[in-house]
Amino acid sequence: MSENLITKDDVLGALRGARIHPSIPDVIVAIINITRSDRASLTDLVNAIEKDEVLSKRLMSIGNSGFFGKERKVRHVQEAVVMMGWNNVKMISLGSTIMKVISKTDMRLYGHAIKTAQYAHYIATEAKLYKIEDITLVGLLHNIGSVILLTYFTNEALQAKQYAIKHGVPIQVAERAVLGVDHAEIGGWTVAEWKLPDNIIETISEHHDFYHQSFHARKTAAIHIGECLALMADYTGPAWEKINTIHPDAVKKLGFSEDDFRSLALKCLKKKFEPIIM
Amino acid sequence: MSKILLASICEGDVLLKDVKNGDVALFAAGTVVIKKIIDIMTILKIQEVEIENREGSLFRNVKELFEHIDKRFDYCQESELMTKLKYVVKDIAAQQRGYR
């Protein structure tokens, strides 16, 4: 095993370069910088968003979609920002932009992110978790570490893929063996660098290594299970792509018995979901 | 499986069959394609290669489908829950593919 082929400094160095990602537009960089700043105001954020017509329309349409459970019509970006909150605006902006980046580079990763988001939201709803409006967004972003790897560390990412094929292990196991770190941890560093809330950082970092005593264990359990179900649903995927074991503690943490969970998984895998507005 | 022109191959594709130069195997099936491999194949004027289907595997019958699902689940076969879920997936897959 070669340790630390990719370090946190390498990842942060790439993220702090001229652009977060070659395909991410300036407006997103501006939003991240504004939301990271202690001195920025709501007006700064609204002004930055309004410079991008597509993003403004997208936020308004999400604001009016019922996604946040409000009946009053949203007519201005400022109303959408106030309704959704600082962090949700940042995540929706990032989520929608990054999903576009992913769709251009890797359609399977894109489909997997969508399915994970849908399944995790369904599981969280059935488990009656509260404050689940950000579960869908976390589901979409959960593999941001893979995007960072494929973008900035392509050769290392392909070495890990080769290891996974040769040894018959899931990709995160291969990444740890080859790179000394996996995409989940890299994703955690990334969203921490973007100053997303702690629960998002923890959920993304631990989505493969569920730990029942973590602070946000129930939310992490929903993403962990959603991710595993998404891999299962994609049964035509390559044979080398190994499905991860659902941690029994994650099932327990959400209050399901094994039998209940099995019938829930069946319903979830058969369900036809509404498309995600992004 | 899909046979594609070398010009269409991408980094990250996985070779489905050995790539040979005459009788000599250059790259084994299961190799992840990197830029250096594409360069070597270009120099050797290799025209076509067979790679894993990017859109998902194709199956001729239910046996092939189930074998494929078994392979995807083989890392978690020691988990009783995952074994039960594997049968759920097989049921759904067989129905969706019109085998049931």
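None of these values were measured; they are calculated from a predicted model. Residue numbers begin at 1 in each chain, while the letters A, B, ... track the order of the sequences.
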message: Heavy-atom pairs under 4.5 Å with chain A - which of Leu65(B), Thr31(B), Asp70(B), Val32(B) has more of them than the others?
response: Val32(B)

task: Taking atom NZ of Lys84(B) as the centre, report whether more than 12 heavy atoms of other residues, nucleotides or ligands fall under 6.0 Å from it.
output: yes

- request: Examine whether an atom of Val33(B) lies under 4.5 Å from a heavy atom of chain A, and if so say whether it belongs to the side chain, the backbone or both; otherwise answer neither.
  value: backbone

field: Side chain, backbone, both or neither of Ala239(A) within contact of chain B (heavy atoms, under 4.5 Å)
entry: both

message: As an exercise: rank Val173(A), Val251(A), Ile246(A), Leu269(A) by heavy-atom pairs under 4.5 Å with chain B and give me the winner.
response: Ile246(A)

field: OG1 on Thr245(A) to CD on Gln77(B), rounded to 0.5 Å
entry: 10.0 Å

- prompt: CH2 of Trp240(A) to CG of Asp74(B): how many Å apart, nearest 0.5 Å?
  reply: 13.5 Å

message: Looking at Lys71(B), is its backbone amide N or carbonyl O close enough to the side chain of Lys242(A) to form a donor-acceptor pair, meaning the two atoms are under 3.5 Å apart?
response: yes

Minimum side-chain heavy-atom gap Asp91(B)-Leu266(A) below 4.5 Å: no

- prompt: Got a donor-acceptor contact below 3.5 angstrom from the Arg72(B) side chain to the Pro238(A) backbone?
  reply: yes

Which atom pairs, one a donor and one an acceptor, fall under 3.5 Å between side chains of residues 220-232 of chain A and the rest of the protein, sequence neighbours left out?
from, atom 1, to, atom 2, distance (Å)
Thr220(A), OG1, His216(A), O, 2.9
His224(A), ND1, His207(A), O, 2.9
His224(A), NE2, His247(A), N, 2.9
Glu227(A), OE1, Asn244(A), ND2, 3.4
Glu227(A), OE2, His112(A), NE2, 3.1

Interface residues of residues 160-168 of chain A facing chain B - non-hydrogen atoms under 4.5 Å apart: Lys161(A), Gln162(A), Ile165(A), Gly168(A)

query: Is the count of non-hydrogen atoms from other residues, nucleotides or ligands lying under 6.0 Å from Tyr87(B) atom OH greater than 12?
result: no

Heavy-atom side-chain proximity of Tyr235(A) to Arg97(B) below 4.5 angstrom: yes

field: Student check: side-chain heavy atoms of Tyr75(B) and Ile243(A) closer than 4.5 Å
entry: no

query: In terms of heavy-atom pairs under 4.5 Å with chain A, which of Ile34(B), Leu81(B), Ile69(B), Val88(B) leads?
result: Leu81(B)

Side chain, backbone, both or neither of Gln95(B) within contact of chain A (heavy atoms, under 4.5 Å): side chain

Interatomic distance, Leu158(A) atom CG to Glu11(B) atom CD [nearest 0.5 angstrom]: 5.5 Å

